[in-house]
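The structure appears below as structure tokens.
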There are 2 protein chains.
Amino acid sequence: MSESTEAYLQIGEVAERTGVTQRTLRFYEEKGLLRPPSRMDGGFRLYSEDDVTRVAHIRRLQNLLGLTLAEIKEMVEAEEMLQELKAQYRPEADISEKRRQLQEAIGVVTRQLGIVSQKAEQMSEMKEQMEERLRTFERWMTELEQIERKAPVA
Amino acid sequence: MSESTEAYLQIGEVAERTGVTQRTLRFYEEKGLLRPPSRMDGGFRLYSEDDVTRVAHIRRLQNLLGLTLAEIKEMVEAEEMLQELKAQYRPEADISEKRRQLQEAIGVVTRQLGIVSQKAEQMSEMKEQMEERLRTFERWMTELEQIERKAPVA
DNA sequence: CCGAGACTTTACTTCTACGTCAAGGTTATG
DNA sequence: CATAACCTTGACGTAGAAGTAAAGTCTCGG
């Protein structure tokens, strides 16, 4: 096989490399989170490295931000737009349309950034609380040990 | 009614104050996330202020960290332990047992802190990436506007 | 050209975290 | 003591995010 040009991956490999199941990959495709990949003549899906990256991204959005797949879809579509704009940045056609797209992309990212910032902040707060709690525990432990030293277990 | 001594709350009030439904409160109880509250003679649940706090805590763990209720239960049980230790800190009985409990609590909190720290860090990373992305978008927008100024829309 | 293993779609199932009645008991108040 | 407002348990339903099984198709190495 020509494993040189672009190194396409079958679903099994993508699954292995991303840590999700094949079912999940098909599911994401079905839900519009992954663009339908190209196919071999026989119908086998052929993914690109970009797809692998995207899956990783999706998972991070899920795990870190706890977004639903519907919400993630929105985010992913903004990425999509970015890619498109990047690609066809030369053809100077229809600038006002590009402006519109760009404006929307900025809106989406701004909202997302808001979410992330807020969560990040709350997270830090929580972290400090837990550190404080841990210090308390450890102080108690020290005290307990001192008591034990004075009056050892029978 | 004696609304003086401890100000117990019925499930409706707790629901209102915590922003979750009554169903959710019963559900959390069922799942062991909330200790079964005391009851009136007729069977109505009577919650304490502590319960309200705990529900808020549970919700934060859900929203911020995206933990499952099963995972949250573990965390909440550590809190429980903390409360217990705090309460019966005077009776000097069975110090080695207390030590054991304390040690376990420290372990749990340490693990939790690990999770939170990691997530917080990843969150910051993500935030920076998004800020970077946003700057890129805005730079492009500026460029587009300059182009438009030179060659206005027909 | 053939068989093992990878892949396809379709369909049904599971799990979590509740929502939504239903039918009836309790409490506070006029 | 009536009655509205509140609560009880129980049972069934649902949305999101996949898991699993079935039955058939494709690919590739030998």
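A note on names: the letters A, B, ... follow the listed sequences, proteins ahead of strands, and every chain is numbered from 1.
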Rounded distance (Å) that lies between atom P of C:dG19 and atom CZ of B:F27 | 10 Å
For B:T68, which residues count as a side-chain hydrogen bond (donor to acceptor under 3.5 Å, both in side chains) partner, sequence neighbours excluded?
-> B:E71
A:I11 atom CD1 is separated from D:dC26 atom P, nearest whole Å, by 16 Å
Establish whether the base of C:dT8 is bridged to the side chain of A:R26 by a donor-acceptor pair shorter than 3.5 Å.
-> no
Can you tell me if B:D50 and B:T53 form a side-chain donor-acceptor pair at under 3.5 Å?
-> no
With DNA chain D as reference, determine whether B:E13 or A:K31 sits nearer its 5' end, using the nearest nucleotide of each.
-> B:E13
Give a yes or no on whether a donor-acceptor pair under 3.5 Å exists between the nucleobase atoms of C:dT8, that is its base, and the side chain of A:R45.
-> no
Contact under 4.0 Å: A:T24 side-chain N or O vs D:dG19 OP1/OP2 | yes
May I ask you to verify if any side-chain N or O of B:R39 is less than 4.0 angstrom from the OP1 or OP2 atom of C:dG25?
-> no
A:E16 atom CD, over 12 foreign heavy atoms within 6.0 Å | no
A:F44 CZ to C:dC7 C1', straight-line distance once rounded to whole Å = 4 Å
Looking at C:dC7, D:dA18, C:dC18, which one has an atom nearest to any side-chain atom of A:L69?
-> D:dA18
Mapping A:G42 and B:G43 to their closest nucleotides on DNA chain C, which lands nearer the 5' end?
-> A:G42
Could you state the CZ-P distance from B:R23 to D:dC7, rounded to the nearest angstrom?
-> 16 Å
Starting at atom CD of B:E29, determine the distance to atom P of D:dC7, rounded to an integer number of angstrom.
-> 14 Å
Closer to the 5' end of DNA chain C via nearest nucleotide, is it B:D41 or B:Q62?
-> B:Q62
Presence of B:T21 side-chain N/O under 4.0 Å of C:dC18 phosphate oxygens OP1/OP2 = no
Distance test, side-chain N/O of B:Q10 to OP1/OP2 of D:dC7, below 4.0 Å = yes
Can you tell me if B:T18 uses its side chain to pair, donor with acceptor, with the backbone of B:A56 under 3.5 Å?
-> no
Taking atom types as modelled, find out whether A:Q103 and A:R100 have a side-chain donor-acceptor pair closer than 3.5 angstrom.
-> no
Length of the line joining A:M40:CE and D:dT27:P, which is rounded to integer Å = 5 Å
With respect to the phosphate group of C:dC7, does any side-chain polar atom (N or O) of A:Q22 fall under 4.0 Å of OP1 or OP2?
-> yes
C:dA17 OP1/OP2 closer than 4.0 Å to side-chain N/O of B:Y28 | no
Atom CG of A:L46 and atom P of C:dA6 are separated, to the nearest Å, by 16 Å
Separation of atom CD in B:E30 from atom P in C:dG19, rounded to whole Å | 13 Å
